[in-house]
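Counting starts at 1 for both ligands and their atoms, in listed order. Remember, predicted model here, so these are calculated numbers, not experimental data. For the single chain, residues carry numbers from 1 onward in sequence order.
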Amino acid sequence: MEGRDVVAINQPLLPHRFSLLRLRNHRETARAIRTMVVRGAGTIGATAAYGLAQAYSEGVDIDRAYRTLLETRPTAADLKHALDRVRRRATSVKEALAEAEAIADEYVERAKQIAKIGLPLITSGTRVLTHCNAGWLALVDWGSAPAPIYLAHRRGRKVFVWVDETRPRNQGANLTSWEFLQEGVPHKIIADNAGGFYMKRGEVDLCIVGADRIAANGDVANKIGTYQKAVVARENGIPFYVAAPSSTIDLTCRSGDDIPIEERDEDEVHFVSGVTTGSKLARVRVTPRRAAAGNPAFDVTPARYITGIITERGIVEPGQIRRRFGK
Ligand code: MRU
């Protein structure tokens, strides 16, 4: 936060442009979350917390601002978790800001723990498949799914990553690949349809994905397409891990059936964005003009397909979530 402004990376411009956006009040912050200028479970939570701190400084009705921010993204559990913390603990601008900062710092600390706890899963030569972007951009810093990969790479282990492109918004192709290039992690972007091919050929040793909400029975909501990868991983005997901080666990959802799944604008399917050969940003339609499209942003992977959930408190079997994280 700078003064009263939340300063965020404008993620839809990546990997072609790096630019920062100043969000001047809680409404602008809410819009940035809704339009996915700011995205990724933990980053959404931290940004919303700062957004609520802005509301305190604007002197507006806090309950209303809370609702405005909460309604931006229905699936991400971290959004409510962060907003509830600020509203419960803060009675002043100063306290709200301090709580938002504590939340952002906690994401970084928890992600570092996830990196350490997940590290033994990766030895030299391990080929990992990941879906979507659960890296620095999605979790303030380090990330969840890529955190053990980053640490393994920094420790000199030869790790290779298959990066799903993640249609419709291409967060794998645009964001995860960009992060891996910054870190020097060897990887290849693959079409979403190619994962099963490489798994069957014996070229994937391990899958690690992030999470947007984890139900009490260990079912996991994550970016659309995750479920298919988990089923194919099981078919091929490949361990399938989910990495997430405990703030992503929502014990009020008994199973994945209780997790609300966000349905986004169909234009995300109709259009793709990129740069032209002349380096101009462009958005082009790839579907027939009058075609209709469905666009669920997430799916639920049943607990039985998940080998373990890597949290800051250890690797937990999905069936043990309630016991380990219940009060
Ligand atoms: O819709 P997004 O981009 O906000 O979705 C979040 C994701 O990128 C993923 O589902 C991710 O694996 C979890 S974020 C730590």
among protein heavy atoms, the one nearest atom 4 (O) of ligand 1 is G40 N, 2.9 Å
Would you kindly specify which portion of Q171 sits under 4.0 Å from ligand 1, judged on non-hydrogen atoms: side chain, backbone, both or neither?
side chain
Give the residue and atom name of whichever protein heavy atom lies nearest to atom 3 (O) of ligand 1, and the separation in Å to one decimal.
R39 NE, 2.6 Å
Would you say R73 contacts ligand 1, with heavy atoms under 4.0 Å as the rule?
yes
So, K223 and D212, do they make that salt bridge, N to O below 4.0 Å?
no
Are any side-chain N or O atoms of D205 and backbone N or O atoms of T126, one a donor and one an acceptor, separated by less than 3.5 Å?
no
Top protein contact for atom 14 (S) of ligand 1, by heavy-atom distance:
A41 N, 3.3 Å
Pairing of R127 and E203 as salt bridge, 4.0 angstrom limit
no
Examine distances only and state if a side-chain atom of T72 and a backbone atom of A30 form a donor-acceptor pair shorter than 3.5 Å.
no
Below 4.0 Å, non-hydrogen atoms only: which portion of I44 touches ligand 1? Side chain, backbone, both or neither.
side chain
The residue among R285, R169, R283 that forms salt bridge (charged side-chain N to carboxylate O under 4.0 Å, His left out) with E268 is R169
With salt bridge (charged side-chain N to carboxylate O under 4.0 Å, His left out) as the test, would you mind laying out the steps for R167 and D192 before giving the verdict?
CA-CA 7 Å; R167 273 287 281 155; D192 286 327; over 6 Å; no
Reported CZ-to-OG1 distance for the pair R157 and T123, which is rounded to 0.5 angstrom:
7.5 Å
Enumerated ligand 1 atoms positioned under 4.0 Å from heavy atoms of G210:
12 (O)
Please classify the A297 to ligand 1 contact at 4.0 Å (heavy-atom distances, strictly less than): side chain, backbone, both or neither.
neither
Just jot down the ligand 1 atoms closer than 4.0 angstrom to any heavy atom of A211, in number order.
13 (C)
Just heavy atoms, cut-off under 4.0 Å: does L139 contact ligand 1 by side chain, backbone, both, or neither?
side chain
Sidechain N-carboxylate O distance under 4.0 Å for K112, E109
yes
Under-4.0 Å heavy-atom contact with ligand 1, by part of C132 that carries it
side chain
Closest protein heavy atom (residue, atom, distance) for atom 10 (O) of ligand 1
D212 OD2, 2.5 Å
Less than 3.5 Å apart, any donor N or O on the side chain of E58 or H26 sitting next to an acceptor on the other?
yes
Would V209 count as a contact of ligand 1 if the rule is a heavy atom under 4.0 Å away?
no
Which atoms from ligand 1 have a heavy atom of M36 less than 4.0 Å away?
1 (O), 2 (P), 3 (O)
Atom CZ of residue position R22 - does it have more than 12 heavy atoms of other residues, nucleotides or ligands inside 6.0 Å?
yes
Could you work out, for atom 13 (C) of ligand 1, the closest of L79, V242, N222 by heavy-atom distance?
N222
